2 protein chains.
Amino acid sequence: MCGGDAAIVMTENSDDGPRTIQSVEKACAIIRALRELDGAGITELATHLDMSKGSVHTYLTTLKRNDLVTESGGRYQLGLSFLDFGEYVKRQNLVYQSAQDSLDEMATETGELARLVMREGAHGIYLAKAEGENAIETTVRPGQREYLHCTSQGKAILAHLPTSEVRRLIAEHGLPERTANTITEADELFDELEEIRSHGIAFSRSELTRGLRCVAAPIYGTDGTPIAAIGICGPTSRMQGDRFREEYPKIVRDKANVIEINMQMATKRHAETS
Amino acid sequence: MCGGDAAIVMTENSDDGPRTIQSVEKACAIIRALRELDGAGITELATHLDMSKGSVHTYLTTLKRNDLVTESGGRYQLGLSFLDFGEYVKRQNLVYQSAQDSLDEMATETGELARLVMREGAHGIYLAKAEGENAIETTVRPGQREYLHCTSQGKAILAHLPTSEVRRLIAEHGLPERTANTITEADELFDELEEIRSHGIAFSRSELTRGLRCVAAPIYGTDGTPIAAIGICGPTSRMQGDRFREEYPKIVRDKANVIEINMQMATKRHAETS
DNA sequence: ATATACGTTCGGGATGAACAAACGCCACGG
DNA sequence: CCGTGGCGTTTGTTCATCCCGAACGTATAT
């Protein structure tokens, strides 16, 4: 036998779940690092990620060949291809396609800011907005992620997910605190979700930004689970009384419904052509 | 000797240039395929890419863990993280930051569509636009790539690159034909570039879209090479006479200059703070 | 009920990724 | 002018890792 007894070595992915390609994980780590560092050199990345210089170099060459990173003068940065993919992902998204018109209408009818957020796991991802005449300016950027439990739109989604699913998300991600108003206790969250269900609408209470108030409603996918949410956001001063309690909730619910119908029609159309 | 004569095997990356990580190449291929196919199942991808099902599954699991793809009901799609990265890449881009205001001004002053294109290799990447009162609608989307030789903005960049570099690009990519008006002969291209240099401005001649005309000027980076271009685009009917030959070229050149200065100031500021 | 198609899991063997060290290059500074 | 340090790049070798193929479980359709 060549080599004598085979030493039983600790191969395999330790144990953390299903098999993964470690090279791809490393490539993803490099991409994330390039973002965090706003671009970097090879040595910098190597120390940051605890890899050998040679190895980092090979990875970067590969990513560069695939246009995911660019290099100039020894400095590597994320490439503009991401912009291309990002636009693609957005436009190909069914909710985005179906919501565009309704968002615009919401904005012009209310004069405020209308927003679309989509769920991905425990996060809500801000997809699109439409600005009314008096719309506030926000620093939120498309693609930005935020935990569902700390935005009104996120809570609108959570409220209509199965309780077991919500518990799973809490167990997995906890309830990270974002501002002093963030709900950090599970019981408190469930009370709030209960209230949202009874109203059919989620209100925010300045959880992320002081003085900002939102009215949000969920959008259901074809499978009956909430997959997104739309909302109207404005300053507390204008988001009050009847408008805040009756008018805007009605608008938001109506538009959410229109969007759902648009989505259903689009899926039907798609099924027919294939 | 363990194993007898070692069979000399053809390992290594065949020969095509520098070493790359093949797993990462495959991951990139999968990402591209998911885009082409607008999402796909595992078997579909496996046949499309000529890989084994098991292998594709492992890759997709890895990409899913890193939020680059999402899965629902056995159907895999590119994830919304790309939107996040795309926005990041855009906003972190120095040219984009410096050009925003100038673009808006160009649009309001002319009433037409103002555009910003950035170079990446042999391609121009459409980065941003500003719409004037009468701006035409285009189907071009941020992040979209087009060869430099078939847009006015691309030619504005080419004209001010070293001739050797232009030759290299032609040798590597050729001059693919996009419409009947595309320049496909190197000599013809060099004549046109010569003319652009003498005017200091690039005019389009409906190369990509019938009835569309542009006036474009390059934007130089700190190293003295053109790295981007801005342009005013409108219908041939309005892009005529003095406006087309004098007024708009002047505006475009001026704004390009402002953008260059903005960029220099930004880099200086950045250097100081570090 | 049977068959087909699909996603998933798993072992074993070949391939390829990682390391480390050396190299070339440039910019400083002695 | 040469030495020195920092950087990106290259390369040989070794061992881990990824790939294949085949089996399994499940859902859907005939």
Side-chain angles (χ1 to χ4, degrees), chain A residues 1-30 34 37 39-65 69-77 223 271 274, chain B residues 1-30 34 37 39-65 69-77 223:
Chain A
M1 256 299 156
C2 144
D5 323 48
I8 294 169
V9 282
M10 203 29 197
T11 169
E12 199 64 19
N13 268 334
S14 328
D15 198 275
D16 45 9
R19 251 192 249 194
T20 59
I21 309 277
Q22 311 198 2
S23 309
V24 177
E25 300 260 21
K26 282 181 193 164
C28 292
I30 286 180
L34 279 178
L37 302 173
I42 286 189
T43 311
E44 196 179 348
L45 274 176
T47 56
H48 187 81
L49 296 170
D50 202 31
M51 298 170 62
S52 76
K53 279 199 298 179
S55 193
V56 171
H57 178 256
T58 318
Y59 276 95
L60 285 173
T61 320
T62 311
L63 293 170
K64 186 174 154 191
R65 264 175 59 110
V69 312
T70 53
E71 178 263 331
S72 84
R75 194 157 186 80
Y76 289 82
Q77 299 209 305
D223 60 351
S274 69
Chain B
M1 259 296 154
C2 146
D5 324 45
I8 295 170
V9 283
M10 204 25 197
T11 170
E12 198 66 18
N13 265 336
S14 327
D15 200 272
D16 47 6
R19 249 191 248 194
T20 59
I21 309 275
Q22 311 197 3
S23 308
V24 177
E25 301 261 19
K26 283 181 193 162
C28 293
I30 287 181
L34 279 179
L37 302 173
I42 286 189
T43 310
E44 196 178 349
L45 274 176
T47 57
H48 187 81
L49 296 170
D50 203 31
M51 296 170 62
S52 77
K53 279 197 300 177
S55 192
V56 170
H57 178 257
T58 319
Y59 276 94
L60 286 173
T61 316
T62 312
L63 292 171
K64 186 174 155 191
R65 265 175 57 111
V69 314
T70 53
E71 178 263 331
S72 84
R75 194 159 186 80
Y76 289 83
Q77 299 211 308
D223 60 351

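Proteins come first, then strands; the chains are lettered A, B, ... in the order of their sequence lines, and each starts at number 1. Because the structure is a prediction, the values reported are computed rather than measured.
Considering only side-chain atoms of A:R19, the nucleotide from C:dA18, C:dG11, D:dC18 that sits closest is C:dG11. Picking from C:dC19, D:dT17, C:dA17 the nucleotide with the shortest atom distance to the side chain of A:S52 gives C:dC19.
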Contacts table for residues 48-59 of chain A: side-chain donor-acceptor under 3.5 angstrom, sequence neighbours left out:
unit_1: A:S52; atom_1: OG; unit_2: A:S55; atom_2: N; d: 3.2
unit_1: A:T58; atom_1: OG1; unit_2: A:G54; atom_2: O; d: 2.9

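Listed here is the closest heavy atom pair of B:S23 and A:I21: CB-CG2, 3.9 Å. The heavy-atom pair separating A:L45 from A:A40 by the smallest distance is CG-CB, 4.0 Å.
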Quick one: what's the B/S/- string for nucleotides 23-30 of chain D, heavy-atom cutoff under 4.0 Å, read 5' to 3'? --------
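Listed by chain and residue number, A:T70, B:Q92 satisfy the side chain to side chain contact (heavy atoms under 4.5 Å, CB included) test with A:Q77 (two or more places apart in sequence, or in another chain). With sequence neighbours left out, the side chain to side chain donor-acceptor pair (under 3.5 Å) criterion links A:D223 to A:T225.
Atoms CD (B:Q22) and C1' (C:dA18) sit 14 Å apart, rounded to a whole Å. Spacing between atom CD1 of B:I21 and atom P of C:dC19 amounts to 10 Å, rounded to whole angstrom units. To the nearest angstrom, C1' of C:dA17 lies 12 Å from NZ of B:K26. Distance CD (A:E44) to P (D:dG6): 15 Å, rounded to an integer number of Å. Going from atom CZ of B:R75 over to atom C1' of C:dA5 covers 15 Å, rounded to whole Å. Spacing between atom CG of B:L45 and atom C1' of C:dG7 amounts to 13 Å, rounded to whole angstrom units.
In this structure, B:M51 and A:I42 both approach DNA chain D, and ranking their closest nucleotides by distance from the 5' end singles out A:I42.
With rounding to the nearest 0.5 Å, the separation of OG1 in A:T20 from CD in A:Q22 is 5.5 Å. Between B:R75 atom CZ and B:L37 atom CG the span is 8.5 Å, to the nearest 0.5 Å.
Over its length, the helix from C:dA1-D:dT30 to C:dG30-D:dC1 turns its helix axis by 30°, as judged from the five terminal pairs at each end, rounded to 10°.
Contact of the B:L63 side chain with the B:L34 side chain is not registered, since no non-hydrogen atoms from C-beta on lie closer than 4.5 Å. Side-chain contact between B:R19 and A:T61 is absent, with no heavy atoms from C-beta onward closer than 4.5 Å.
In the region residues 55-64 of chain B, proximity to DNA chain C at under 4.0 angstrom, judged on heavy atoms, holds for B:H57.
Distances shorter than 4.0 Å separate some side-chain N or O of A:S23 from OP1 or OP2 on D:dC18.
Screening residues 55-64 of chain B for salt bridge (charged side-chain N to carboxylate O under 4.0 Å, His left out), with sequence neighbours left out, gives B:K64-B:E71.
If you check every strand for non-hydrogen atoms under 4.0 Å, B:G74 touches sugar and phosphate atoms only.
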